[in-house]
Structures are given as structure tokens and as C-alpha cells.
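Notes follow once the structure below has been shown.
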Amino acid sequence: MITEKYTTQRKILLIIAILIEVIWLAQYAVILTQQASYSWIVHFNFLTVLVVLGFIIHYLYIPESLKVVKDKISYKELEKIMKDEKYHKLSFSLTKKAYLPSDICLSKHWAYMGKVYIPRKMITRLSGQESRHYTIFYVQTVNGKEIRIGDVETEEAKRFLKALKRQIPEIKTTPTELYENFGKVLVDDDYKQLSREQWKEEYAGLHV
């Protein structure tokens with residue numbers, strides 16, 4: 001189950017962005033080697049464009065679905081894993097309107113929430129932010145990520161939380177803790193010490 005791939009359009013945009021970055025960097029290098037002095041505005045404009053292009057290249061190169069585990073696994077490796085994972089879509093009996101960036105799906109070792117793949121063992125808790133009539137739900141992970149998984153009318157927040165906890169046992173968050181947790185992401189220091197092989201076995205459910 002992979003919903004985001006390196007499409008032809010994405011590859012073309014990535015190549016174009018890299019070419020523009022190289023050309024712009026070459027032009028800036030010429031300016032730096034010239035004898036004539038340029039105002040700080042010229043340097044600022046060049047550097048700003050280079051930074052923006054860098055962010056665009058980073059976004060195109062690393063898919064959103066890899067946001068949580070990009071330091072431990074490649075996109076191709078994720079694709080291979082997903083071929084062996086059997087997902088089922090979670091259901092929520094909500095009477096009010098709700099917006100979910102993507103379906104919330106679950107397999108034995110992984111969860112797909114907010115268009116992001118997250119090993120179930122990496123889920124620590126949920127957090128919530130009140131915004132007018134809605135509660136914005138986030139899932140927090142052991143490596144300090146906070147992924148937005150849905151906007152639910154505040155009247156339905158408790159029901160949505162209860163349904164998530166019933167279907168995802170790793171979540172222990174209470175209604176009171178939900179709002180207290182927002183913005184207070186916990187990072188497991190031991191997680192940082194894991195090698196890629198150790199991570200794959202402990203969190204991704206692979207026998208390396």
C-alpha cells in the first residue's frame with residue numbers, strides 16, 4: 001500500500017529544480033569572483049533563492065510518506081516492506097463533519113496516518129489543538145515528530161479519541177492529556193542510538 005510514488009511529473013520537477021539551483025549557484029560564484037562590489041541586497045537575493053530552491057529539492061526528493069522514518073529507511077525499502085503488509089482501514093462513527101488528510105489504516109507493524117507511514121512501535125501518544133469549532137489531532141512518535149492526522153469537530157473529539165484507542169492499542173492518551181500534550185513532543189534518547197539494522201528489526205518488523 002503505497003499512495004505516493006516518484007511519478008514522472010515529480011522526477012521532472014526535481015530535475016528542473018536541481019538544474020536551476022546549479023545555474024543560480026554558478027552565477028553567484030561568478031559574482032563572488034568579480035572585482036566589482038555588489039550591494040548586500042544582491043547577495044541577500046541570491047542566497048534567498050538558493051535556500052528556497054534547496055527546500056523545494058528536499059521536498060521533491062523525500063516523499064511526505066517517509067517523513068517519520070527517512071533517517072532509517074529508503075523509499076525503495078519502504079515500498080518492498082509495504083508489499084508484504086496487509087492493511088485494513090479504520091472506521092469512525094462520527095455524526096459531525098471531520099477532515100482526515102488520508103484514510104487511517106493499520107497493519108501488523110505499521111500505521112498509515114496523515115499520509116505518513118509510521119511503525120506502530122514508534123507511536124507514543126496523541127495530542128490535540130483546539131481551533132474554533134474543531135480539534136486538530138496529531139500523533140507523536142519516539143523520534144520527536146508530530147503528524148497531523150485529522151480535524152474533528154470538538155463535540156466529537158472524545159468519540160474520535162476513543163475509537164482510535166480501541167483500534168490502535170499503542171495509544172493510551174486520555175481526553176485530558178490530549179490537549180496537554182500538544183507541542184510537548186517527547187524524544188527517546190535510546191532511539192537515536194539505534195543502527196538502521198536494529199531499527200528495522202525492532203520497529204519495522206523485519207528480521208535482518
- Is it the case that one hydrophobic cluster holds both Val116 and Val185, taking links as side-chain heavy atoms less than 4.5 Å apart, direct or via other members? no
- Message: If hydrophobic clusters are built from ILVMFWY residues whose side chains come within less than 4.5 Å, do Trp199 and Ile118 share one?
- Response: yes
- Which value, rounded to the nearest 0.5 Å, describes the distance between Leu78 atom CG and Lys70 atom NZ? 14.0 Å
- Message: Set out, in order, the CA-CA distance, both residues' side-chain angles and the distance that settles ring pair (Phe, Tyr, Trp, His ring centres under 6.0 Å) for Tyr112 and Tyr87, then state yes or no.
- Response: CA-CA 9 Å; Tyr112 182 70; Tyr87 279 87; 7.2 Å; no
- Nearest heavy-atom approach of Lys86 to Ser107 is O-CB, 3.4 Å
- Task: Report yes if some heavy atom in the side chain of Phe137 is under 4.5 Å from a heavy atom in the side chain of Arg148; otherwise report no.
- Result: no
- Message: Tell me whether the rings of Phe46 and Tyr28 are parallel (<30°), tilted (30 to 60°) or perpendicular (>60°).
- Response: parallel
- Message: Out of the candidates Gln140, Glu180, Glu177, only one should pair with Ser127 under the side-chain contact (heavy atoms from CB on, under 4.5 Å) rule; please name it.
- Response: Gln140
- Message: Has Asp151 got a side-chain atom pairing as donor or acceptor with Tyr134's backbone, closer than 3.5 angstrom?
- Response: no
- Query: NE2/His88 to CG/Asp103 distance, rounded to the nearest 0.5 angstrom?
  - Reply: 12.0 Å
- Drop me the distance from Thr173's OG1 to Leu161's CG, to the nearest 0.5 angstrom. 6.5 Å
- Smallest heavy-atom separation, Pro119 atom then Tyr203 atom, equals CB-O, 3.3 Å
- Note on the structure: Taken to the nearest 0.5 Å, the spacing of Glu201 CD from Leu194 CG works out to 11.0 Å
- Rounded to the nearest 0.5 Å, what separation is found between the CD1 atom of Ile104 and the CE atom of Met113? 4.5 Å
- Item | Distance-minimising heavy-atom pair for Phe92 and Ala163 | CD2-CB, 3.6 Å
- Separation between OG of Ser65 and NZ of Lys115, rounded to the nearest 0.5 Å: 10.5 Å
- More than 12 heavy atoms of other residues, nucleotides or ligands under 6.0 Å from NZ of Lys165: is that the case? yes
- Do any pairs count as a side-chain hydrogen bond (donor to acceptor under 3.5 Å, both in side chains) and have a residue in residues 13-27, sequence neighbours left out, and if so which ones? none
- Message: My understanding is that only residues two or more places apart in sequence, or in another chain, count here; which of them pass side chain to side chain contact (heavy atoms under 4.5 Å, CB included) with Lys145?
- Response: Val68, Thr141, Asn143, Ile147
- Note on the structure: Sequence neighbours excluded, the answer for salt bridge (charged side-chain N to carboxylate O under 4.0 Å, His left out) partners of Glu77 is Arg196, Lys200
- Query: Would a 4.5 Å heavy-atom cut-off, applied to side chains only, mark Phe44 and Val49 as touching?
  - Reply: no
- Gln129 versus Thr135, side-chain donor and acceptor atoms under 3.5 Å: no
- Note on the structure: In short, Ile136 meets Ser131 closest at the heavy-atom pair CD1-CB, 3.9 Å
- Note on the structure: Heavy-atom closest pair (Pro169 atom, Arg120 atom, distance to 0.1 Å) is CD-NH2, 3.5 Å
- Message: Are Ile168 and Val69 linked, directly or through intermediate hydrophobic residues, by side-chain heavy-atom contacts shorter than 4.5 Å (ILVMFWY only)?
- Response: yes
- Task: Determine yes or no for a side-chain-to-main-chain donor-acceptor pair under 3.5 angstrom, with Gln167 supplying the side chain and Leu164 the backbone.
- Result: no
- Item | Six-ring centre of Tyr191, Lys72 cation under 6.0 angstrom, axis tolerance 45° | yes
- Joint cluster assignment, Val52 & Leu13, ILVMFWY side-chain distance < 4.5 Å: yes
- Message: Assigning hydrophobic clusters by single linkage (Ile, Leu, Val, Met, Phe, Trp, Tyr; side-chain heavy-atom cutoff under 4.5 Å), is Ile73 placed with Met122?
- Response: yes
